[in-house]
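A, B, ... follow the sequence lines: proteins, then strands. Residue 1 opens every chain. Note that the structure is a prediction, hence the values are computed from the model and not measured.
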There are 2 protein chains.
Amino acid sequence: MTFARMWSDLAPVGRAGDGGYRRFAWTQEDHVLREWFAGEADARGLSLVTDRAGNQWAWWGDPDATPGVVTGSHLDSVPGGGAFDGPLGVVSAFAALDTLRARGFEPGRPLGIASFVDEEGARFGVACAGSRLLTGALDADRARGLRDADGVTMADALSTAGRDPAGLAADPEALRRVASFVELHVEQGRGLVHTGDPVGVGRMIWPHGRWRVELHGEANHAGTTPLADRRDPMLDLASFIAHVRAAALDAGALATVGKLRVDPNGVNAIPSRVTAWLDVRAESEAAVQAVLSALQDYAPARESWTPVTVLDADLADTVVDALGGAPRLSTGAGHDAGILAAAGVPTAMLFVRNPSGISHAPAEDADEADCLAGVDALATTLERLLA
Amino acid sequence: MTFARMWSDLAPVGRAGDGGYRRFAWTQEDHVLREWFAGEADARGLSLVTDRAGNQWAWWGDPDATPGVVTGSHLDSVPGGGAFDGPLGVVSAFAALDTLRARGFEPGRPLGIASFVDEEGARFGVACAGSRLLTGALDADRARGLRDADGVTMADALSTAGRDPAGLAADPEALRRVASFVELHVEQGRGLVHTGDPVGVGRMIWPHGRWRVELHGEANHAGTTPLADRRDPMLDLASFIAHVRAAALDAGALATVGKLRVDPNGVNAIPSRVTAWLDVRAESEAAVQAVLSALQDYAPARESWTPVTVLDADLADTVVDALGGAPRLSTGAGHDAGILAAAGVPTAMLFVRNPSGISHAPAEDADEADCLAGVDALATTLERLLA
């Protein structure tokens, strides 16, 4: 069973003691994952291409002759992430190709398997960096200058990883090979638990964005500065966090403060500055804007923005039909599928049931039977699209 | 002018672009500072001793024959600290010794200059670690196991710095050499600005302590988890910060949340845990306890505690008399002087005026004329005590 073998190959890469994963772009862990992808492609006789944005493609057939159907996802993770977000789509892609071959299927057009780099944006702060670079939604100059928490630029990280940062660019040739894209992903909620289905089909991706808020104070000694003389940004942080939740409740949106940076972060020092990152999503762009408007006193600086993505309705109908019926789901999570859809590629998503609904955490999970149902659904979908 | 030369020698060590210092115990910067201390001792023909706790002593005369008068402070800093907190006392000690020699003074007992390691506790979380180890107030086994932000133990840090961690111990022999201790320090408030004096004499050190609060939540995806289903510890942090300030105002105490740790600290992840550190100080132990009682729902775990320290009244009178009068000050900041006083060493403190009152930040400052007045006051004090 190739699915189980691939899954156990990936299991130890970047796993911490608590079961959480840390697989950041252009790190040693990322290198191991890229080598794994290349090895799987090679074992199946697929041709491996790395595009100018750093994404990996494994092709069955020649996509320069005829654009192909592509499936895949990403292998990187958030800090302390789960095993499924990303890797399930890549492993299922290889397993679905194996299924098609085992069925003796002869594709009428090329099949590609993609692994997009840096989908989570955990290291450099821009989500879907690989697919955005590919389509030109993220400028290569801006990307090269992005810095990680240690101050390392993406350009330096690329050099360390053995890639020439000057080669980083949009890649319209690579994009032209993609006639349509299907991304399989673990569900990040309990929609399929409620419907009782192992697999669902995507409808739309909520608009979502990230903002940074800088709260400035005056550094001073915690033991000698009277309360009345303090300019303590920690108090502003407290009110900011409370305002974020209130604004989200008012707007019917999701808003989260998940990341902080305190300078200088000393026990006995009043901070000079607290930086807070804000993630806002909602079913409508108006609801996201309502949250931002309520927080305008904090002067949030936008770091990324993805408008609402309505996935291709005809393609979704075809997938549901191929599967003999399946529930339709919307998601608040961003995906490379959304970036490709925004670039004009007909795109569909398949979701696999997640018992707890938890994602971006070690408790993220899917039953093996549901994963195999996902592989089967993906194979059936590809069979229809490749005919 | 040896003061200015020593000051400029130290100025670049561990200084960041914004002028803040980062001089943590047993790092490369600390090594440079220790070498500097050894060089200054050597240049004056003083005998250099490193005690079992890692503190450095430079002796003029033989303290094993007759216990001596010791002056000094520390060279380490908080993150983003100022140039004066610590180094002013060590530089002034060497400069005062030079002044005594220039005056042709022949001491009636040995004079020691001390540099205590790890006073700020910025790396391993325990303030005055060097002096506490010396007196036995900090157990060596506990110290060896303390971890820095990267998980490095003090034992490993000692090994990396070329010291045998097994040798870390209380050092009663080193302590017996100290007949009395005088620490000169930049004022961390504006008391001397108000009285209009360049130098003041210490009265007492407020009781103070540090506590750690763990706020637990459930890690999950920021884009897909309904607000009602979240257990977001960031909201608990907001209420904790507000409660800390309210409790401090009620009790007439100082309480500060200056340090945070967010796990996993991802923009699009609801945190699984937020850890907050709390610093509380007040003129009375009852006021500190009142703050802690108001926060008991957060189960603060004590990391360190220093009771009120009343500095030696007779010694303070002698110092004020030698100076021909000087204002008396209390301080909310902890000092190695307090640790030695608690161990029974007659101890005095001299404070040098700080125009802004700011400390633990790059704006920490003292006029050169006031620094030289401090050296002169220290020399005059030592002359009296060494007669």
Quiz item: Side chain, backbone, both or neither: which part of B:Leu227 has a non-hydrogen atom closer than 4.5 Å to chain A?
Solution: both
Practice problem: Determine the option with the most heavy-atom pairs under 4.5 angstrom with chain B, choosing from A:Gly258, A:Gly125, A:Gly20. | Solution: A:Gly258
Practice problem: Go through A:Asp85, A:Leu260, A:Val78, A:Val257 and name the one with the most non-hydrogen pairs under 4.5 angstrom from chain B. | Solution: A:Leu260
Practice problem: Can you tell which part of B:Ala222 gets under 4.5 Å to a heavy atom of chain A, answering side chain, backbone, both or neither? | Solution: both
Quiz prompt | Option that, when pairs with chain A are counted at under 4.5 Å, heavy atom only, ranks first among B:Gly266, B:Ala363, B:Ala228 | solution = B:Gly266
Practice problem: Side chain from CB out, backbone as N, CA, C, O: work out which of these in B:Val267 comes under 4.5 Å of a heavy atom of chain A, or both, or neither. | Solution: both
Exercise. Under 4.5 Å heavy-atom distance to chain A, tell me which part of B:Pro226 shows up: side chain, backbone, both or neither.
Key: backbone
Quiz item: Mind checking whether B:Thr331 and A:Thr224 have side chains closer than 4.5 Å, heavy atoms only?
Solution: yes
Quiz item: Relative to chain B, which segment of A:Ile358 carries a heavy atom at a distance below 4.5 Å: side chain, backbone, both, or neither?
Solution: both
Quiz prompt | Contact origin within A:Val262 toward chain B - heavy atom pairs under 4.5 Å | solution = side chain
Quiz prompt | Max heavy-atom pair count under 4.5 Å with chain A, selected residue of B:Gly80, B:Ser359, B:Ala238, B:Gly332 | solution = B:Ser359
Exercise. For A:Arg261, look at atom CZ and say whether over 12 heavy atoms of other residues, nucleotides or ligands are found less than 6.0 Å away.
Key: no
Practice problem: Please determine, among A:Glu120, A:Gln188, A:His221, the option with the most heavy-atom pairs under 4.5 Å with chain B. | Solution: A:His221
Quiz item: Under 4.5 Å between any side-chain heavy atoms of B:Leu254 and A:Arg230, yes or no?
Solution: yes
Quiz item: Does the side chain of B:Asn268 reach to within under 4.5 Å of the side chain of A:Arg210, using non-hydrogen atoms?
Solution: yes
Quiz item: For B:Glu364, is it the side chain, the backbone, both, or neither that has a heavy atom closer than 4.5 Å to a heavy atom of chain A?
Solution: neither
Practice problem: Side chain from CB out, backbone as N, CA, C, O: work out which of these in A:Pro362 comes under 4.5 Å of a heavy atom of chain B, or both, or neither. | Solution: neither
Self-check item: Greatest number of heavy atom pairs closer than 4.5 Å to chain A - which of B:Gly357, B:Ala333, B:Gly81
Solution: B:Ala333
Quiz prompt | Max heavy-atom pair count under 4.5 Å with chain B, selected residue of A:Asp263, A:Asn220, A:Leu278, A:Val274 | solution = A:Asn220
Self-check item: 4.5 Å side-chain heavy-atom contact, A:Ile241 and B:Asp232
Solution: no
Self-check item: Side-chain heavy atoms of B:Thr256 within contact of A:Thr225, under 4.5 Å
Solution: no
Quiz item: A:Ala248 versus chain B, heavy atoms under 4.5 Å apart: side chain, backbone, both or neither?
Solution: both
Exercise. Name the option with the most non-hydrogen atom pairs under 4.5 Å to chain A; the candidates are B:Val280, B:Ile270, B:Leu235.
Key: B:Leu235
Quiz item: Side chain, backbone, both or neither: which part of B:Ala253 has a heavy atom under 4.5 Å from chain A?
Solution: backbone
Quiz item: Is it the side chain or the backbone of B:Ala255 that comes within 4.5 Å of chain A heavy atoms, both, or neither?
Solution: backbone
Self-check item: Which portion of A:Glu218 sits near chain B, non-hydrogen atoms under 4.5 angstrom
Solution: side chain
Quiz prompt | Residue, of A:Ser239, A:Pro264, A:Ala361, that accumulates the most heavy atom pairs under 4.5 Å with chain B | solution = A:Pro264
Quiz prompt | Side chain, backbone, both or neither of B:Ser272 within contact of chain A (heavy atoms, under 4.5 Å) | solution = neither
